[in-house]
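See below for the structure under consideration.
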Amino acid sequence: MSWLIALRAILIREALRFTRQRGRFIAALVRPLVWLVVFAAGFRAALGLSITPPYETYITYDIYIVPGLCGMIVLFNGMQSSLSLVYDREMGSMRLLLTSPLPRWWLLMCRLISSTVISCFQVYTFLVIAAIYGITFPPMGYVLVLPALLIAGVMLGALGLALSSTISQLENFAGVMNFVIFPMFFLSSALYPLWKMAESSEILHDICAVNPFTHAVELIRFALYGQLNLPALGWTCLAGVVLIALALWGYDPARGLLRRKS
């Protein structure tokens, strides 16, 4: 029961923080909407898309990038949540939280779950706006995409946690975040199909194929059409497990003590 109380308290705390930071919510929506409304309009005529799963007919570019933009929201929110974690650590509230008698790994997982829930809310808000814009998906897709968003959110949030454990000062986080976010986003299938990457460069195609964010986006893409992409699910879960392990190792107090002694 105490574990659930801690989860509830952290969820409420993060939700209150999110509701008070309206700029964060607006920025999370403006970023993908700019890609959807501005860039997609320019690429629609220039970029042709062949019939590849999960699509059963030719589609326009704006339809293709919506799942990738959903992944963008989850990715940026995971990094934003990690930024707040670094801030809490500098202000002392994170240290106070970690002095709880509950296991450290559970407290970190509570933070991870809370950021994932907020990401899902932002994605569904974006999907509503996309539907108003004229881009819709099968009705069951809106339901089946939720597990995909949760899995992708945990994986990308764990990446942010792992990065935040290596950063001691808040000023250093922006540079590290940009160094990770933009390569992950642009070297993925979020904006361009992998076969388009292969036409340009086999090396770029291979990099995109091993990028965990690519598999998270494909998991979301197939789920929106009521399909399960087993390879994407497997690779996303595997990346999530590895990143969670790295995050827990990074926040291990024994490791920190050994590092200070050395």
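This one's a predicted model, so the numbers in the text were calculated from it and none came from an experiment. Side-chain atoms are counted along with the backbone in the values below, which use heavy atoms only and exclude waters and symmetry mates.
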Considering non-hydrogen atoms only, spot the tightest contact between [X] and [Y] and give its length.
| X | Y | value |
| --- | --- | --- |
| Ser188 | Met197 | O-CE, 4.2 Å |
| Thr214 | Cys208 | OG1-O, 2.8 Å |
| Ala239 | Pro212 | CB-CB, 3.9 Å |
| Phe185 | Ala190 | CE1-CB, 3.8 Å |
| Ser189 | Val217 | OG-CG1, 4.1 Å |
| Phe126 | Cys70 | CD2-SG, 4.0 Å |

Honestly curious: do [X] and [Y] fall in one hydrophobic cluster under the side-chain, below-4.5 Å linking rule?
| X | Y | value |
| --- | --- | --- |
| Leu112 | Leu108 | yes |
| Leu187 | Leu194 | no |
| Leu144 | Leu150 | no |
| Val128 | Tyr133 | no |
| Ile135 | Ile132 | no |

Calculate, to the nearest 0.5 Å, the distance between atoms [atom1] and [atom2] belonging to [X] and [Y] respectively.
| X | Y | atom1 | atom2 | answer |
| --- | --- | --- | --- | --- |
| Ile65 | Thr60 | CD1 | OG1 | 9.0 Å |
| Leu159 | Ile244 | CG | CD1 | 11.5 Å |
| Leu69 | Asp62 | CG | CG | 10.0 Å |
| Ile151 | Met155 | CD1 | CE | 10.0 Å |
| Gln122 | Ile118 | CD | CD1 | 7.0 Å |
| Leu149 | Ile220 | CG | CD1 | 5.0 Å |

Report summary line: For residues 70-85, the salt bridge (Lys or Arg N to Asp or Glu O under 4.0 Å) pairs (sequence neighbours left out) are none
Quick one: does [X]'s side chain have a donor or acceptor within less than 3.5 Å of a partner on [Y]'s backbone?
| X | Y | result |
| --- | --- | --- |
| Tyr192 | Phe186 | no |
| Ser119 | Asn77 | no |
| Tyr142 | Tyr124 | no |

Report task. List in chain and number order the residues that pass side-chain contact (heavy atoms from CB on, under 4.5 Å) with Leu230, two or more places apart in sequence or in another chain; answer none if no residue qualifies. Result ->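 For Leu230 the side-chain contact (heavy atoms from CB on, under 4.5 Å) partners, ignoring immediate neighbours, are Leu228, Leu233.
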**Report entry** Pairing residues for Ile181 by the side-chain contact (heavy atoms from CB on, under 4.5 Å) criterion, not counting sequence neighbours
**Finding:** Leu75, Phe76, Met79, Met177
Query raised in the report: Is the cationic atom of Arg221 (NZ for Lys, CZ for Arg) positioned less than 6.0 Å from the six-membered ring centroid of Phe137 and within 45 degrees of its normal?
Result: no
Query raised in the report: Given the rule in the side chain to side chain contact (heavy atoms under 4.5 Å, CB included) test, do Tyr61 and Leu191 qualify, once you have shown the distances and angles that lead to the verdict?
Result: CA-CA 9 Å; Tyr61 183 66; Leu191 300 178; 3.8 Å; yes
Query raised in the report: Hey, do the aromatic rings of Tyr55 and Tyr225 have their centres closer than 6.0 Å?
Result: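 Tyr55 vs Tyr225: aromatic centres under 6.0 Å.
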Query raised in the report: With side chains defined as the heavy atoms from C-beta onward, is the minimum distance between Ile73 and Thr125 less than 4.5 Å?
Result: no
